[in-house]
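Below: one structure, written as structure tokens.
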Amino acid sequence: MVREMQQAPERGIDWETDGLRYANGDRPIGAALGHCPADGPPRCWYVPFGHKTAEIQAHPDAAKRAITDALSGAAAVINHNLKFELHMARAWAPGIIPDDAALHCTLIQAYLNYEDRASFSLANVAADELTDLPWDPHESKKMVDDLLRDLAKARRMRLKKDLLGDPAYLTVFGHSEIPVSVEGEYSCRDVAMALRLDRAQRAKAMGAGMGAWEPARRVLYENEMLLVRALADMEWNGQLCDAPYLRASAAWLDDDLERRRRALAASFGAAVDWSNDNDLRDFLYGHLGKPVLRHSEKGKPSVEQAALQDMAADDPRISDLIEYGARMKVRTTYTDSLADKVCTDGRLHASWLQFGAATGRLSGADPNLQNIPYRHQEMSKLVRQAFGVAQGEARIYLDYSQVELRMLAWLTGTPAFRAAYQTAPYDAFLRGEMDYDHYVAERAGLPKIDIHGEVTKRTFGISEDHPDWNVRRRAGKVINFGIPYGGGLDMLTGNPELRIERNEAKAMLSAYHAANPEIAATKERFIARMRSRSTPHFINWAGRVRHAPLLSSGNRDVAAGTERAMFASWVQGSAAELTRFSLVRIWLLAKAGQIPARLASTVHDEIQIDCAEADAREVAYAARRAMEEYHHFGGVPIVADVERTTTHWAEKAKWSIDN
């Protein structure tokens with residue numbers, strides 16, 4: 001096995017493990033290795049060394065030497081979910097997957113080739129792409145899954161879901177009790193499918209057939225594969241999270257919510273389960289007779305916040321109900337359940353997904369740190385206070401400033417937006433007449449432009465001394481930020497701060513588009529270009545393709561909704577690429593020793609970095625430069641704002657690094 005593997009430049013690896021939480025001590029129990037000869041099918045081997053079964057297995061030390069030798073010198077490593085393989089390799093034998101080997105993750109390839117799949121699992125992608133596969137791609141996985149269910153049942157354990165103090169079977173045992181013969185076939189088939197998928201997908205994923213877009217697409221592919229390593233490092237680093245504090249917060253919220261439940265019961269004269277949507281719906285619309293102004297996706301009278309805000313205008317008691325709901329959401333999602341995710345090293349090691357969000361944004365899981373509340377100041381502070389910084393260190397937050405609006409300015413050429421963002425120092429920087437250091441120094445002295453105010457003046461023809469200025473500016477801001485997200489009238493009528501009637505909202509939106517006709521005209525050309533293609537799709541500046549089969553729907557509502565979603569995806573996705581590229585840029589700077597820092601997290605358009613407090617200014621300056629030096633956007637500068645904390649997330653504050 002070792003000799004044959006060493007002669008292959010590109011090699012596949014698939015770990016089987018006794019659990020999924022590498023930071024809590026879960027480790028590999030076996031590994032499938034393989035390669036794909038040029039003139040034949042893949043050749044694969046399974047090396048078992050940690051199964052809890054009465055079978056002959058390799059000694060762990062011998063297995064480690066053999067697998068290390070089999071992967072040594074590999075030009076490339078192939079798997080369907082390579083980030084997980086990197087974690088388990090690092091936990092068991094650091095360096096066993098060579099740092100200089102290129103990565104070809106077939107999951108990311110599948111996402112690049114067609115992002116709108118129902119599932120990106122290996123079996124499903126193989127079923128879609130490998131017509132000549134000599135076995136059913138679901139067969140061996142079903143066999144293993146059936147065995148796991150039987151083993152969990154025999155131990156009287158749930159298979160997957162952990163409960164407080166009662167872990168699930170997979171958490172405790174993983175695949176360690178699966179017989180070697182079964183696991184070996186399953187794992188070898190996974191490696192073989194990944195090798196075959198790489199052969200089938202890689203050329204297209206790298207831009208073959210995309211004509212003039214091929215160079216950009218090749219750069220995108222290389223960045224996505226480097227991003228696998230960057231995110232793996234960021235997840236491995238994790239971030240401190242105070243589990244005891246979160247559990248104490250849960251107890252405090254329990255008391256607080258009980259007081260609020262009693263107060264609501266006294267106020268409404270009824271005992272209702274205020275956190276149960278069906279009970280709340282029956283009470284509000286059935287018992288109290290509230291008018292139905294909004295409906296849920298299933299057509300029922302809505303009890304979402306926007307509907308409750310409508311009621312609160314005439315019934316102040318509803319405001320207390322809204323407050324109760326906001327606190328209950330934090331209690332159920334961000335206290336005990338978040339504390340349960342903290343690993344034995346006192347850190348959260350969340351997962352960041354490169355696939356799944358059709359716009360190209362990264363998404364988070366286990367837990368999803370991107371959904372931590374921020375609008376409710378007290379609850380936001382309560383949760384974020386749990387995320388601390390190690391003594392002597394600083395956490396730097398670099399957040400792209402109004403990046404979707406900057407993309408809108410570039411893509412549409414709208415004068416009000418371009419005028420707000422374009423500056424003489426940036427133009428000089430683009431022409432090479434000024435270096436980056438001089439540019440940011442000049443930029444720091446420029447007056448701040450209020451883009452929402454400028455658009456309000458242009459749209460509604462009023463100045464700051466007009467009695468309706470504040471309301472109109474808020475409406476202009478909502479529209480500005482709503483357009484990149486495909487917003488329609490609901491973004492005004494459903495906004496609890498504005499509470500604008502439908503006719504007035506319609507007039508405002510019409511005035512906005514009349515004053516900024518470039519947006520609608522650009523959208524019309526964009527949709528027409530998509531429709532002109534045999535399969536409707538668009539390609540963003542980085543070479544990422546977004547498909548839109550529903551654009552051809554005969555249902556006018558579906559087609560119109562798809563048009564809004566595609567335009568929003570074009571704007572949002574263009575912005576999201578910056579975060580993906582910048583994560584890799586900063587990771588490469590740290591890997592090369594050019595900045596003494598490590599990636600900690602990312603939230604939407606923000607990148608978080610940890611470093612020694614003494615190095616913070618140097619690190620922040622270099623990282624900001626990496627995030628800003630993009631020259632693709634027709635004179636529209638990309639700007640990142642800087643914040644810092646040396647205590648915890650709740651106390652981050654704006655930080656000037658230009659003086």
Side-chain angles (χ1 to χ4, degrees), residues 1-20 22 26-37 41-51 57-58 60-110 121-123 125-126 137 140-141 144 174-176 178 180 183-202 225-226 228-229 231-233 235-236:
M1 178 195 79
V2 171
R3 285 194 297 271
E4 190 170 326
M5 287 287 290
Q6 286 183 334
Q7 292 175 18
E10 299 186 347
R11 307 166 199 174
I13 174 74
D14 182 54
W15 301 110
E16 300 305 330
T17 69
D18 60 8
L20 302 178
Y22 56 89
D26 294 340
R27 295 294 181 266
I29 57 169
L33 298 138
H35 72 97
C36 204
R43 286 178 54 77
C44 303
W45 300 262
Y46 185 65
V47 182
F49 51 83
H51 287 255
Q57 300 179 59
D61 292 341
K64 191 173 293 186
R65 288 194 298 270
I67 297 168
T68 299
D69 290 344
L71 294 176
S72 176
V77 175
I78 297 164
N79 182 269
H80 191 68
N81 183 10
L82 265 169
K83 185 150 59 67
F84 179 75
E85 310 308 318
L86 291 173
H87 284 319
M88 281 299 171
R90 187 171 182 174
W92 188 58
I96 197 169
I97 294 179
D99 286 345
D100 58 353
L103 301 184
H104 296 291
C105 180
T106 55
L107 187 157
I108 304 304
Q109 292 172 354
S121 73
L122 175 58
V125 175
S140 57
K141 184 177 188 306
V144 170
H175 283 210
S176 64
I178 299 291
V180 168
E183 192 77 4
E185 181 178 358
Y186 164 71
S187 194
C188 284
R189 283 189 175 188
D190 278 3
V191 168
M193 286 192 290
L195 291 168
R196 287 172 179 262
L197 275 175
D198 178 64
R199 182 177 284 180
Q201 295 182 143
R202 191 194 301 181
M225 296 306 162
L226 287 172
V228 173
R229 286 196 184 270
L231 292 177
D233 272 5
E235 292 176 7
W236 182 273

Phe84 vs Asn79, side-chain contact (heavy atoms from CB on, under 4.5 Å): CA-CA, chis, key distance, verdict
CA-CA 10 Å; Phe84 179 75; Asn79 182 269; over 6 Å; no

What distance do [X] atom [atom1] and [Y] atom [atom2] have between them, rounded to the nearest 0.5 Å?
X      : Y      : atom1 : atom2 : result
Ile67  : Leu33  : CD1   : CG    : 5.5 Å
Glu183 : His175 : CD    : NE2   : 5.5 Å
Leu71  : Ile13  : CG    : CD1   : 5.0 Å
Cys105 : Leu82  : SG    : CG    : 5.0 Å
Glu10  : His35  : CD    : NE2   : 12.0 Å
Leu195 : Arg43  : CG    : CZ    : 12.5 Å

Can you check whether [X] reaches [Y] side chain to side chain, under 4.5 Å on heavy atoms?
X      : Y      : answer
Arg229 : Asp99  : yes
Leu107 : Val125 : no
Ser121 : His80  : no

Testing the basics here: between [X] and [Y], what is the closest heavy-atom pair and its distance to 0.1 Å?
X      : Y      : answer
Ala32  : Cys188 : CB-N, 3.9 Å
Ala74  : Pro98  : N-CG, 4.4 Å
Trp92  : Pro28  : CB-CD, 3.6 Å
Ser187 : Glu16  : OG-OE2, 3.0 Å
Pro48  : Val180 : CG-CG1, 3.7 Å
Pro37  : Pro42  : CD-CA, 4.1 Å

Should Ile29 and Gln57 be marked as a side-chain contact (heavy atoms from CB on, under 4.5 Å) after you check the CA-CA gap, both sets of side-chain angles, and the distance that decides it?
CA-CA 10 Å; Ile29 57 169; Gln57 300 179 59; over 6 Å; no

Is a donor on one side and an acceptor on the other found under 3.5 Å between the side chain of [X] and the backbone of [Y]?
X     : Y      : answer
Gln6  : Ser72  : no
Asp18 : Arg27  : yes
His51 : Ile178 : yes
Arg11 : Met5   : yes

Not counting sequence neighbours, which residues clear side-chain contact (heavy atoms from CB on, under 4.5 Å) with Glu185? List them please.
Arg189

For Asp61, side-chain contact (heavy atoms from CB on, under 4.5 Å) partners two or more places apart:
His59, Arg65

In this structure, are over 12 heavy atoms from other groups packed under 6.0 Å from Lys141 atom NZ?
no

Would you call the rings of Trp15 and Phe49 parallel, tilted or perpendicular, where under 30° means parallel and over 60° means perpendicular?
perpendicular

Please step through side-chain contact (heavy atoms from CB on, under 4.5 Å) for the pair Leu103 and Ile108, ending with a clear verdict.
CA-CA 10 Å; Leu103 301 184; Ile108 304 304; over 6 Å; no

For side-chain contact (heavy atoms from CB on, under 4.5 Å), just list the numbers for Met1 and Val47, CA-CA rounded to whole Å, side-chain angles, deciding distance to a tenth of an Å, and then say yes or no.
CA-CA 10 Å; Met1 178 195 79; Val47 182; 3.9 Å; yes

With side chain to side chain donor-acceptor pair (under 3.5 Å) as the test, would you mind laying out the steps for Thr17 and Asp26 before giving the verdict?
CA-CA 7 Å; Thr17 69; Asp26 294 340; over 6 Å; no

side-chain hydrogen bond (donor to acceptor under 3.5 Å, both in side chains) filter on Asp198, not counting sequence neighbours, yields Gln109, Arg202

